[in-house]
Amino acid sequence: MPVRNAEVAEILNRTAEFLEIEGANPFRVRAYRNAARTVSALPQSLASMIEAGDDLSALPAIGEDLAEKIATIVETGHLPLLDDIEKHLPPGLARLLDVPGLGPKRVRVLHDELGIDDLDKLIAAAKAGRLRRLPGFAAKTEANILRAAQTRGVEERRTKLAEAEQIADPLVRYLAETRGVKKVIVAGSFRRRQETVGDLDILVSCTQDAPAVDRFVAYEDVAEVTSKGPTRSTVILRNGLQVDLRVVPEVSYGAALHYFTGSKAHNIAVRRIAVAKGLKLNEYGIFKGEKRIAGRSETEVFARVGLPYIEPELRQDRGEIEAARKGRLPKLVALADLRGDLHTHSTASDGRASIAEMAAAARERGHSYIAITDHSKRVTIAHGLDAKRLARQLDQIDRLNAHLRGIRVLKGCEVDILGDGKLDLPASILRELDIVVGAIHSKFDMPRAKQTERIIRAMDNPRFNILAHPTGRLIGERAPYDIDMERLLKAARERGCYLEANAQPDRLDLNGAHCRMAKEIGVKLALSTDAHSTADLDLLRFAVDQARRGWIEPGDVLNARPLRDLMKLLKRS
DNA sequence: GCCGTTTTCGGCCCGACTGTTTTCAGTCG
């Protein structure tokens with residue numbers, strides 16, 4: 001069983017953590033982290049690259065030494081360097097780094113002086129007042145660490161994007177009402193439209209005397225003020241979400257927005273370009289010597305380092321800077337490009353609105369078509385349709401279409417893919433449909449090869465069009481089922497099938513990386529809401545977010561096509 | 001440990017805040 005890229009990245013990151021605790025050269029530590037990033041962003045498996053004789057040291061951030069170490073990891077599953085370190089430092093020690101306020105230096109002191117190597121011992125020692133006797137620690141630090149260890153724990157808490165929006169919107173409105181405040185925007189991973197956010201980064205530009213920070217900490221949902229200075233403050237809201245506020249003057253707004261939007265890796269890469277040009281880039285602007293030469297807008301900042309504007313969703317240091325330099329940035333798909341929705345439910349199965357209501361709501365949103373794709377019979381809990389009920393629904397849709405204006409209802413079904421890869425309804429009824437959306441709702445735990453073959457077998461059915469929520473993951477609740485996405489995408493391409501980017505906030509499936517893989521392999525995507533109510537039709541933008549993070553352009557999207565083109569694309573052979 | 005339109009050696013992104021300190025280390029983003 002070859003070692004996967006994610007495992008290699010994990011070992012490299014782990015090595016970086018231990019090297020850091022050991023007090024190694026910080027740049028050496030960074031080298032391991034950078035290499036781990038490269039590895040986890042690779043579109044192909046290291047094992048296959050090595051097998052093909054590729055030179056790993058040609059990859060960014062990987063030189064002779066790490067290429068050899070990575071080869072060893074892929075071959076053996078181990079890195080001897082890490083094994084050696086773990087002989088004298090307990091393996092659990094690195095987890096202490098997850099406690100806010102504890103970094104490598106303090107973890108080292110805790111281990112060397114008090115023998116602390118896990119959370120329980122840390123909490124016990126803090127309670128006994130033993131931390132305050134250590135150099136660099138005192139009563140206040142001890143109290144902070146104890147509280148952090150007890151409340152935040154080791155688990156990293158992440159908030160789904162849709163939920164973060166509901167928290168951010170009222171706070172932004174509140175801050176915008178402050179005297180002297182000009183602009184308020186949520187930057188960070190929220191602006192990059194990551195599927196989850198760890199915290200909210202809010203940027204405010206204002207006049208010098210505006211009471212932005214004071215008003216921020218006075219917000220009614222603030223439970224705790226972690227830090228507060230003249231230009232920066234951190235609070236914890238009652239729901240546990242951390243919010244950082246940064247205040248900058250208007251002349252710095254663009255530079256600050258770029259800086260606080262990140263990602264960190266993207267920022268570092270851009271800053272290196274600035275350094276190479278003899279400039280300095282920070283959150284206040286681009287400087288030549290002491291003189292600020294840009295900073296008011298992001299476009300200005302990019303221009304000064306010789307780059308066109310790069311959309312926030314692309315700022316991951318995954319090739320966007322090179323693409324920008326070559327003038328090859330994608331023209332990302334936008335919500336306005338979409339002409340319809342290809343996965344929705346009605347009251348016939350588990351939806352809450354009738355077909356007519358769904359069609360009217362879709363038309364209100366500017367759509368020119370909507371596919372009704374109720375569940376098939378196997379999904380009994382959703383009152384799935386058998387062939388007979390589906391046939392009646394098709395008649396109903398025909399009658400509706402006969403007098404509907406401005407929108408066309410497509411006859412579809414979300415057909416269950418059975419354990420053996422067969423579809424849940426016979427060809428006789430599938431033949432009558434405009435669109436077949438296939439999905440897995442059972443047997444999530446099949447081994448990788450079997451699960452992949454199961455789906456490919458379903459795609460062998462000439463009626464199959466779109467694979468819905470292809471990995472089945474529920475963010476923070478259920479892991480994706482184990483499939484070989486590369487193989488699946490190639491099979492879809494060969495068969496004229498498509499994959500869905502599902503907009504449900506707890507699915508967001510495909511994710512951005514998979515969207516990009518689909519584009520590279522040449523498989524078009526359907527950006528679909530999987531709506532179970534008329535209001536759900538507004539979720540479409542979350543699928544657009546995922547697609548944009550995956551470099552998807554309008555031409556890569558099935559439902560960015562006019563109806564006639566779409567119908568052609570849905571006809572297989 | 002990586003890397004090269006100043007460099008194969010000597011750099012490596014940069015600033016704010018806290019808490020510990022008497023001028024700064026550690027952490028964070």
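Proteins come first, then strands; the chains are lettered A, B, ... in the order of their sequence lines, and each starts at number 1. Just so it is clear, the structure is predicted and the values come from calculations on it, not from any experiment.
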* Asked: How far does the P atom of B:dT20 sit from the matching atom of B:dC28, given to the nearest Å?
  -> 15 Å
* Side-chain N,O (A:Gln242) to OP1/OP2 (B:dC28) below 4.0 Å -> no
* Per A:Ala31 side chain, nearest of listed nucleotides B:dT20, B:dC2, B:dC17 -> B:dC2
* Quick one: which of B:dG19, B:dC14, B:dG1 gets closest to the side chain of A:Asn282? -> B:dC14
* **Gap in Å between the two C1' atoms, one belonging to B:dT5 and one to B:dG1, rounded** => 24 Å
* NA contact type, A:Asn25, heavy-atom cut-off 4.0 Å: base, sugar-phosphate, or nothing? -> base
* With rounding to whole Å, what would you report as the distance between B:dT22 and B:dC17 at their P atoms? -> 22 Å
* Asked: Can you tell which of B:dC12, B:dT27, B:dG15 lies closest to the side chain of A:Arg30?
  -> B:dC12
* Any donor-acceptor pair under 3.5 Å from A:Asn5 side chain to A:Leu46 backbone -> yes
* Starting at the 5' end of DNA chain B and moving along, which residue's nearest nucleotide shows up first, A:Glu64 or A:Ala276? -> A:Glu64
* Which nucleotide in the set B:dA16, B:dG29, B:dG19 lies at the smallest distance from any side-chain heavy atom of A:Asp244? -> B:dG29
* Quickly work out the A:Arg132 CZ to B:dT21 P distance and round it to whole Å. => 13 Å
* Asked: How is A:Ala139 classified with respect to the nucleic acid when contacts are heavy atoms under 4.0 Å: base, sugar-phosphate, or nothing?
  -> sugar-phosphate
* Asked: Between the main-chain N or O of A:Glu220 and the side-chain N or O of A:Arg238, is there a donor-acceptor pair closer than 3.5 Å?
  -> yes
* Asked: Between A:Lys140 and B:dG19, is there a side-chain N or O to OP1/OP2 distance below 4.0 Å?
  -> yes
* To do: Ignoring the backbone of A:Arg246, work out which of B:dC17, B:dG29, B:dG15 is nearest its side chain.
  => B:dG29
* Asked: Does the base of B:dG29 carry an N or O that pairs as donor and acceptor with the side chain of A:Tyr259 under 3.5 Å?
  -> yes
* Asked: A:Leu66 side chain: which of B:dG15, B:dC2, B:dG29 is closest?
  -> B:dC2
* To do: Look at all strands and tell whether A:Phe260 reaches a base, only sugar-phosphate, or nothing, counting heavy atoms closer than 4.0 Å.
  => nothing
* Structure fact -> note: A:Arg147, atom CZ; B:dT18, atom P; distance rounded to Å ~ 13 Å
* Asked: At under 4.0 Å between heavy atoms, what does A:Asp201 touch on the DNA or RNA strands: base, sugar-phosphate, or nothing?
  -> sugar-phosphate
* Asked: Under 4.0 angstrom, heavy atoms only, what part of the nucleic acid is A:Thr234 near: base, sugar-phosphate, or nothing?
  -> nothing
* Check the distance between B:dG11's C1' and A:Asn34's CG and give it to me in whole angstrom. => 15 Å
* B:dG29 and B:dT23, which share atom name P, separated by this distance in whole Å -> 29 Å
* Asked: For B:dG19, does OP1 or OP2 lie under 4.0 Å from any side-chain N or O of A:Asn144?
  -> yes
* To do: May I ask you to evaluate whether A:Tyr284 reaches the phosphate of B:dA16, defined as a side-chain N or O under 4.0 Å from OP1 or OP2?
  => yes
Anything under 3.5 Å between a donor and an acceptor, one on a side chain of residues 48-61 of chain A, the other on a protein residue two or more places apart or in another chain? List them.
| residue | atom | partner | partner atom | Å |
| --- | --- | --- | --- | --- |
| A:Ser48 | OG | A:Ser45 | O | 2.7 |
| A:Ser48 | OG | A:Ser45 | OG | 3.0 |
| A:Asp55 | OD1 | A:Ser57 | N | 3.1 |
| A:Asp55 | OD1 | A:Ser57 | OG | 2.8 |
| A:Asp55 | OD2 | A:Ser57 | OG | 3.1 |

* Length of the line joining A:Ile62:CD1 and B:dG1:P, which is rounded to integer Å -> 14 Å
* To do: Grab the CZ-P distance between A:Phe27 and B:dC2 for me, whole Å please.
  => 15 Å
* Length of the CD1-P vector between A:Ile145 and B:dG26, whole Å -> 13 Å
* To do: Evaluate the ring planes of A:Tyr174 and A:Tyr219, with Trp represented by its six-membered ring, and classify them as parallel (under 30°), tilted (30 to 60°) or perpendicular (over 60°).
  => tilted
* Phosphate contact (B:dG15 OP1 or OP2) by A:Lys280 side-chain N/O below 4.0 Å -> yes
* On a whole-Å scale, what distance lies between the P atoms belonging to B:dA16 and B:dT8? -> 34 Å
* Could you measure between the two C1' atoms, the one in B:dG11 and the one in B:dT6, and give it in whole Å? => 12 Å
* Using the P atom as the reference point in each nucleotide, state the distance between B:dG15 and B:dT21 in Å, no decimals. => 27 Å
* Just how far is it from atom NZ of A:Lys69 to atom CG of A:Leu12, taken to the nearest 0.5 Å? -> 10.0 Å
* Asked: What nucleotide, of B:dG29, B:dT20, B:dT18, holds the atom closest to the side chain of A:Lys264?
  -> B:dG29
* Please state how far atom CZ in A:Arg272 lies from atom C1' in B:dC14, giving the value in whole angstrom units. => 14 Å
* **Out of B:dG19, B:dG29, B:dG26, whichever nucleotide has its closest atom nearest the side chain of A:Arg106** => B:dG26
* Asked: Between A:Arg28 and A:Ser233, who's closer to the 5' end of DNA chain B by nearest nucleotide?
  -> A:Arg28
* Asked: When we call it a touch if two heavy atoms are under 4.0 Å apart, what does A:Pro60 touch: a base, just sugar-phosphate, or nothing?
  -> sugar-phosphate
* To do: Considering only atom P, compute the distance from B:dC14 to B:dC9 and round it to an integer number of Å.
  => 24 Å
* Can you tell me the distance, in whole Å, between the NZ atom of A:Lys277 and the P atom of B:dT7? => 16 Å
* For the side chain of A:Arg193 and the backbone of A:Arg549, is there at least one donor-acceptor N/O pair under 3.5 Å apart? -> no
* Asked: With no hydrogens and no angle check, is any side-chain donor or acceptor of A:Asp509 less than 3.5 Å from a backbone partner on A:Thr471?
  -> yes
* Go ahead and name the base partner of B:dT8; Watson-Crick or wobble counts if both distances stay under 3.5 Å, otherwise write none. => none
* Does the side chain of A:Arg37 come under 3.5 Å of the side chain of A:Asn34 through a donor N or O and an acceptor N or O? -> no
* Asked: Taking only N and O in the side chain of A:Lys69, is any of them less than 4.0 Å away from OP1 or OP2 of B:dG1?
  -> yes
